[in-house]
Amino acid sequence: MTGLKNKRWFERECRSLLQSASLNSSYIYAALLDMDKLSQFNFKYGIEAGNEALILTAKKLSKAVEGEYKLYKSGVDSFLIISTYPNRNLCDLELQQPIIDSKILALANFSHKINDLEVILSASLGSTIIDASKDSYDSLFNKLDYSLKQAKKLSPFGYYFADLDALKRYERTNKIRYLLINVDKSNELKLALQPQYINENTFHSSEALLRWHSQELGIISPAEFIPIAEESVAIIKIGDWVIDNVCKLLHQVSQLGKSTCIAVNISAKQIVASDFKEKLLASMQKWQVLPQHLIIELTETTLVSDIELVKETMVELNQMGFRFSIDDFGTGYSSLSYLKELPISELKIDKYFVDGIMDNEDSSSKTIVNMIIDMANALGVNSVAEGVEEAAQFNYLKQRGCDLFQGYLFSKPLPVEQWVEVLK
Ligand code: C2E
Ligand code: CA
Ligand code: CA
């Protein structure tokens with residue numbers, strides 16, 4: 001219809017371009033342009049008008065890119081653009097890239113006349129520069145796909161250029177996603193336990209924090225891998241691993257004649273899973289742990305994500321003796337009336353607010369911290385300050401009535417053996 005070569009042609013020509021480019025370590029520019037909401041356009045103006053608009057767009061794009069770049073049609077309403085010749089000079093290509101990107105996304109390419117009416121169809125563009133010596137056709141296509149997805153988040157006329165740093169991050173994320181599939185069986189996961197104190201010398205309880213020492217990538221922070229795990233069932237497997245190992249640890253310390261309480265972080269996906277309760281109870285039974293020794297930490301955002309379902313599980317587990325702590329309190333948007341209905345026994349003040357309480361110029365953190373402590377009092381639950389690093393922060397929180405303290409001032413998260421010593 002547009003007279004352009006299709007995706008199969010793109011693949012054939014792109015593969016041979018990559019091959020010749022890899023021989024002399026050259027770089028290639030590639031881009032994927034996708035029309036935004038063409039179906040809505042078709043619905044409003046008719047398929048004929050939609051086809052006409054695509055043909056016109058193709059013509060204008062061909063003109064915009066001709067010479068240095070080639071244009072192909074991909075799927076129903078996408079276009080592929082790629083360097084005609086490989087370029088040995090990366091800097092040179094990096095200078096050209098924003099120019100060609102803006103030429104492609106120029107408004108004029110997407111404005112059409114329909115019955116004398118000026119109509120603008122929009123599109124989103126993801127582009128990248130490929131090092132031909134390192135990339136295959138498939139990885140090029142995956143990168144384009146990734147760039148376009150990022151661009152679509154900003155649509156209409158979304159735009160995203162994946163530079164080398166972005167591509168490195170993307171590749172690392174992919175690698176982590178892949179390694180997460182079997183991480184629970186890998187022996188690479190460990191628990192760290194961070195003690196929580198009533199005051200300088202009085203140990204109270206602990207929070208279990210996950211540690212991953214990957215053979216391939218080294219130490220990976222949970223702040224990096226948990227959000228990636230949360231995109232798939234990996235978070236369930238990891239979550240099960242944490243629960244089982246915390247129960248096992250509680251069992252071990254009980255054999256040493258010690259009794260303590262550990263808080264575990266539970267993700268939204270995990271708590272709403274239909275078999276969450278069964279698996280939790282199975283681990284508890286296997287290691288002969290009582291519900292009083294576990295605190296389930298849910299973030300405020302988790303509460304909001306599926307409040308009715310989460311509430312049902314919380315109420316049921318609470319009746320069995322489990323307690324709940326609301327993590328990162330003050331960063332989500334939970335409604336106060338709901339808080340009253342949920343079986344909560346603890347509010348955790350986020351490190352972000354604790355960091356801000358000694359700020360003399362901006363008192364907003366202090367105000368929020370005061371409010372959380374007062375609210376915990378009013379609800380009859382504990383307040384726990386997280387990330388306490390300085391004595392001044394502790395002193396303020398203590399005199400303001402905060403109940404528990406967790407942070408480097410008291411202790412960093414500890415490996416299991418060291419933590420057992422503290423407990424003893
Ligand atoms: P979080 O639950 O808010 O955990 C507190 C984080 O603050 C931990 O980081 C802890 O090491 C750190 N921290 C504690 N005190 C201090 C301090 O005084 N200064 C500083 N700079 N940091 C402090 P970590 O262990 O890297 O965990 C990051 C996040 O990863 C956690 O935030 C939690 O959201 C998630 N996470 C960790 N373990 C698990 C887990 O087993 N399951 C799930 N679902 N999420 C987990
Ligand atoms: Ca937590
Ligand atoms: Ca937190």
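One-based numbering, in listed order, for ligands and for the atoms of each. Computed from a prediction, not measured in an experiment: that's the story for all the values here.
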- prompt: For atom 29 (C) of ligand 1, which candidate among A223, G387, P413 provides the closest heavy atom?
  reply: A223

message: Heavy-atom contact check, 4.0 Å cutoff: does Q270 meet ligand 1?
response: no

query: Which atoms of ligand 1 are found less than 4.0 Å from any heavy atom of E389?
result: 17 (C), 18 (O), 19 (N), 20 (C), 21 (N)

message: I'd like to know: is the Ca ion (ligand 2) within the 3.0 Å range of an N/O/S atom from N265, strictly under that distance?
response: yes

statement: A student checking ligand 1 against D328 at a 4.0 Å heavy-atom cut-off should list atoms 3 (O)

task: Have a look at ligand 1 and work out which part of K348, if any, has a heavy atom under 4.0 Å from it: side chain, backbone, both or neither.
output: neither

query: Taking non-hydrogen atoms only, is Q194 closer than 4.0 angstrom to ligand 1 via side chain, backbone, both or neither?
result: side chain

- prompt: So which of Y408, F405, W212 gets nearest to atom 13 (N) of ligand 1, if we judge by its closest heavy atom?
  reply: Y408

message: Any donor-acceptor pair under 3.5 Å linking the side-chain atoms of N142 with those of Y137?
response: no

message: Looking only at side-chain N and O atoms, does N24 offer a donor or acceptor that is under 3.5 Å from a partner on R88?
response: no

task: Taking the Ca ion (ligand 2) as the vertex, measure the angle between atom OD2 in D327 and atom OE2 in E207; round to 10°.
output: 180°

- prompt: Without hydrogens or angle criteria, can the side chains of Q194 and E207 be said to hold a donor-acceptor pair below 3.5 Å?
  reply: no

message: So if I count the atoms of ligand 1 from 1 in the order they appear, which ones are less than 4.0 Å from some heavy atom of I226?
response: 43 (C), 45 (N), 46 (C)

- request: For the pair E297 and R323, find out whether any cationic side-chain nitrogen is under 4.0 Å from an anionic carboxylate oxygen.
  value: no

task: Have a look at ligand 1 and work out which part of L409, if any, has a heavy atom under 4.0 Å from it: side chain, backbone, both or neither.
output: neither

task: Look at atom 43 (C) of ligand 1 and find which of V354, N265, L191, L210 reaches it with the closest heavy atom.
output: N265

statement: The atoms of ligand 1 lying under 4.0 Å from a heavy atom of V242, numbered in the order shown, are 41 (O)

task: Return the name of the atom in E297, of element N, O or S, nearest to the Ca ion (ligand 2).
output: OE1

- line: Applying ring pair (Phe, Tyr, Trp, His ring centres under 6.0 Å) to Y27 and not counting sequence neighbours gives none

message: Taking 4.0 Å as the limit for heavy-atom contacts, which would you say applies to E230 with ligand 1: side chain only, backbone only, both, or neither?
response: neither

For S267, the ligand 1 atoms whose distance to one of its heavy atoms is below 4.0 Å: 44 (N)

- request: Verify the distance test for E386 against the Ca ion (ligand 2): any N/O/S atom under 3.0 Å, yes or no.
  value: no

field: Side-chain donor-acceptor pair present, S136, D138, cut-off under 3.5 Å
entry: no

Partners meeting ring pair (Phe, Tyr, Trp, His ring centres under 6.0 Å) with F322 (sequence neighbours left out): none

- prompt: Any N or O of Q406 that comes nearer than 3.5 Å to an N or O of ligand 1?
  reply: no

query: Can Q406 and Q196 be counted as having a side-chain donor-acceptor contact under 3.5 angstrom?
result: yes

task: Would you please say whether a donor-acceptor pair under 3.5 Å links the side chains of T299 and D328?
output: no

query: Hey, are N87 and S26 close enough side-chain-wise for a donor-acceptor pair under 3.5 Å?
result: no

message: Suppose I only count heavy atoms of E207 and a 4.0 Å limit; which atoms of ligand 1 are within that range?
response: 2 (O), 4 (O)

statement: G407 heavy atoms within 4.0 Å reach ligand 1 at atoms 15 (N), 18 (O)

- request: Return yes if a side-chain donor-acceptor contact under 3.5 Å exists between D101 and Y29, otherwise no.
  value: yes

task: Indicate whether any N or O donor in one side chain lies under 3.5 Å from an N or O acceptor in the other, for T260 and H293.
output: no

